[in-house]
Amino acid sequence: MSNCGHTSISWHNTTQPKRSLDGMQSCEISSDSTDDPLSSGFRPHRQPRIVVIGAGLAGLAATRVLLKNGFTDVTVLEASDHIGGRVQSVKNGEATLELGATWIHGANGNPVYHLAEENGLLEHTTDGERSVGRISLYTKNGVAHYQTNMGKRIPKDLVEEFSDLYNQVYELTQEFFQNGKPVCAESQNSVGVFTRDLVRKRIMEDLDDSESTKKLKLSMLQQYLKVESCESSSPSMDEVSLSEFGEWTEIPGAHYVIPEGFMKIVDLLAQDIPTHTICLCKPVRCIHWNYSAQHREVIGKSSHVKMEDNHNDNNHQRNEDPLILGQPILVECEDEEWISADHVIVTTSLGVLKQNHEAMFSPSLPEDKVLAIEKLGISTTDKIFLEFEEPFWSPECNSIQFVWEDEAQLEQLAYPEDLWYKKICSFDVLYPPERYGYMLSGWICGQEALHMERCDDETVAETCTELLRRFTGNPDIPKPKRILRSSWGSNPYIRGSYSFTRVGSSGQDCERLAMPLPYANSTKAPPLQVLFAGEATHRKYYSTTHGALLSGQREATRLMEVYHDHKA
């Protein structure tokens with residue numbers, strides 16, 4: 001990975017790595033002097049203390065860049081018991097299944113692609129595991145079977161005819177941002193409303209189609225919008241902003257699957273990070289930034305508080321006040337440990353920020369940043385893997401798409417809790433079978449995904465089997481021998497899959513979310529105390545792994561440039 005072309009800076013660090021007595025990694029933090037490099041002039045003998053919150057792609061990328069460029073006092077606090085964030089690769093026999101990030105989206109200039117390519121991770125990727133299509137990304141081999149709830153397959157030529165129409169309208173949704181087209185009031189600035197209205201209009205104007213054909217196309221439209229919702233990780237395309245939709249930038253090239261698992265990318269990012277740097281099972285309760293005398297007074301009265309890292313060997317420093325050390329931040333962990341820092345890089349998901357920002361920052365975040373968090377969207381897209389002893393689908397079938405004929409005229413595709421399964425849009429066939437066996441991957445998003453997460457495996461397996469029997473018209477489909485599914489919505493440290501620009505939000509909200517605190521023009525306090533990274537902070541590549549990785553590098557570079565300037 002590039003260190004962004006900046007000159008490396010090397011400092012002496014007196015603290016040595018160590019393990020705690022119980023064998024778990026300790027949060028090693030050093031503090032070599034009382035100088036604050038940003039407020040009292042650069043002092044090369046005092047390392048800035050940097051805390052990175054989250055060991056997903058953004059946090060690991062930031063840490064890697066910082067360590068490569070001479071910063072040695074870096075600590076990563078990860079709330080869960082593993083690194084990787086929204087990457088979760090699970091071994092299933094010889095195969096690896098992805099509960100989280102699955103594809104490298106595009107090759108040209110994509111840092112995740114280059115990392116994978118340079119390290120031989122794509123050598124065994126088959127042609128069928130590379131795709132340039134948007135819908136049904138798992139494979140371009142074979143044909144998607146569009147099945148109705150009456151157990152009938154929609155003819156292939158009818159599917160292709162509808163798909164061409166849908167894709168023409170999809171291209172139009174890109175033009176509002178890209179060409180500055182004004183958004184009319186009827187569309188409600190919504191991708192879903194605009195697409196549904198225009199596609200319906202064109203279907204109804206087609207004089208060659210019978211009423212039954214029109215009904216089938218209208219039903220397919222609803223199914224396509226469900227697939228699109230899963231790809232956007234939005235509850236409904238009605239919530240996705242039409243005026244901003246075209247800003248998301250697709251990197252040219254195919255979408256690649258990593259046969260050995262996306263976790264290999266995580267391992268590559270982590271391989272040069274010393275194990276003692278990353279503290280697992282270390283949730284953060286509150287970031288006390290712009291640390292003031294008032295804070296000191298309040299915190300000083302709490303006798304149970306550990307004011308310094310309680311693993312630190314430098315006993316004479318343990319009870320020093322961070323203000324005297326020149327450190328403007330205290331990170332309060334849920335295990336009652338308090339860690340002082342010069343800079344904190346926050347890489348928590350937008351879902352966690354939405355739920356916890358009020359408790360997580362003291363003082364509270366500025367109003368415009370809170371507004372950005374509230375306006376941007378994040379929802380849950382979950383996968384349901386079903387493994388069968390034998391395939392019940394034909395060899396050319398690459399996916400089974402669920403088209404509900406009774407939904408042709410519906411406006412809102414939201415279901416009561418007991419009908420959550422109606423939001424499952426499709427099951428993709430994992431290919432090749434030599435690697436995956438006979439495996440289907442189902443997709444569900446929105447509130448219905450959260451309903452699914454609350455069900456037990458047996459219920460979900462039975463429900464999916466009944467759906468497959470109903471839509472294929474084959475009552476003899478057996479129950480799967482194994483089920484595996486994700487639960488991103490109910491994961492307390494994630495709270496959703498990835499972000500989208502919701503109606504009323506814009507790319508500027510991503511930039512506002514990324515802006516470090518305190519704002520440069522508003523205070524004389526030390527700058528760059530709290531920095532923000534993560535996919536939701538990347539204006540053009542939000543929702544992607546490369547967006548997450550680049551955002552981490554961006555914030556590390558921001559710190560590097562400041563210290564490089566001071567050194568110069």
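Just so it is clear, the values below take in all heavy atoms, side chains as well, and ignore hydrogens, waters and symmetry mates.
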Could you work out, with side chain to side chain donor-acceptor pair (under 3.5 Å) as the rule, every residue matching Arg539, not counting sequence neighbours?
Glu247, Glu511
For [X] and [Y], work out which heavy atoms get closest and say how close.
X	Y	answer
Glu535	Thr544	CB-O, 3.7 Å
Ile104	Leu122	CD1-CD2, 4.2 Å
Ala107	His114	O-NE2, 3.7 Å

Please round to the nearest 0.5 Å and tell me the distance separating atom [atom1] of [X] and atom [atom2] of [Y].
X	Y	atom1	atom2	result
Ser399	Trp443	OG	CH2	12.0 Å
Asn398	Phe427	CG	CZ	15.0 Å
Leu97	Lys91	CG	NZ	9.5 Å
Ile287	Ile339	CD1	CD1	11.0 Å
Ser487	Glu453	OG	CD	5.0 Å
Ile483	Leu440	CD1	CG	11.5 Å

Show, in sequence, the C-alpha distance, side-chain angles and deciding distance for Glu260 and Thr96, and conclude whether the side chain to side chain donor-acceptor pair (under 3.5 Å) test is met.
CA-CA 6 Å; Glu260 290 183 77; Thr96 302; over 6 Å; no
Under the side-chain hydrogen bond (donor to acceptor under 3.5 Å, both in side chains) test against Gln47, which residue among Thr72, Asp73, Asp342 passes?
Thr72
[X] side chain to [Y] main-chain N or O, any donor-acceptor pair under 3.5 Å?
X	Y	value
Ser89	Phe262	yes
Arg130	Thr125	yes
Lys383	Leu484	no
Arg554	Ala514	no
Trp289	Pro328	no
Thr380	Trp488	no
Ser551	Gly534	yes
Ser362	Met360	no
Thr347	Ile53	yes
Asn110	Val112	yes

Do the non-hydrogen side-chain atoms of Thr501 and Trp248 ever get within less than 4.5 Å of each other?
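Thr501 vs Trp248: side chains apart.
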Under 4.5 Å between any side-chain heavy atoms of Leu559 and Ile345, yes or no?
yes
In terms of ring plane angle, is the pair Phe361 and Phe532 parallel, tilted or perpendicular, where the classes change at 30° and 60°?
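Phe361 and Phe532: tilted rings.
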Return each pair, listed once, that meets salt bridge (charged side-chain N to carboxylate O under 4.0 Å, His left out) where at least one residue sits in residues 350-372; pairs must be two or more places apart or across chains.
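Listed once each, the pairs would be none.
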Output all residues satisfying side chain to side chain contact (heavy atoms under 4.5 Å, CB included) with Glu78, sequence neighbours left out; order by chain, then residue number.
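Checked Glu78 against side chain to side chain contact (heavy atoms under 4.5 Å, CB included); matches are Ala55, Ser80, Leu280.
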What pairs with Thr173 under side chain to side chain contact (heavy atoms under 4.5 Å, CB included), at least two apart in sequence or on another chain?
Tyr170, Val191, Phe194, Thr195, Leu242, Phe245
Between Arg49 and Ser340: side-chain donor-acceptor atoms closer than 3.5 Å:
yes
Go through the side-chain N and O atoms of Arg435 and Thr126 and say whether any donor and acceptor fall under 3.5 Å apart.
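No, no side-chain donor-acceptor pair sits under 3.5 Å.
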ring-ring contact (aromatic ring centres under 6.0 Å, His included) involving Tyr541 - partner list, sequence neighbours excluded
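With neighbours one apart ignored, the set is His538, His546.
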Using ring-ring contact (aromatic ring centres under 6.0 Å, His included) as the criterion, list what pairs up with Tyr113, not counting sequence neighbours.
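Per chain and number, Tyr113 pairs via ring-ring contact (aromatic ring centres under 6.0 Å, His included) with Tyr256.
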Could you check Glu228 against Val240 for side chain to side chain contact (heavy atoms under 4.5 Å, CB included), going step by step and ending with a plain yes or no?
CA-CA 10 Å; Glu228 204 81 68; Val240 179; over 6 Å; no
For residues Phe71 and His343, establish whether the separation of their ring centroids is below 6.0 Å.
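For Phe71 and His343, the ring centres are not under 6.0 Å apart.
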Please determine whether salt bridge (charged side-chain N to carboxylate O under 4.0 Å, His left out) holds for the pair Glu337 and Lys282, giving the CA-CA distance in whole Å, both sets of side-chain angles, and the decisive distance to 0.1 Å.
CA-CA 10 Å; Glu337 182 174 356; Lys282 196 79 173 171; 2.5 Å; yes
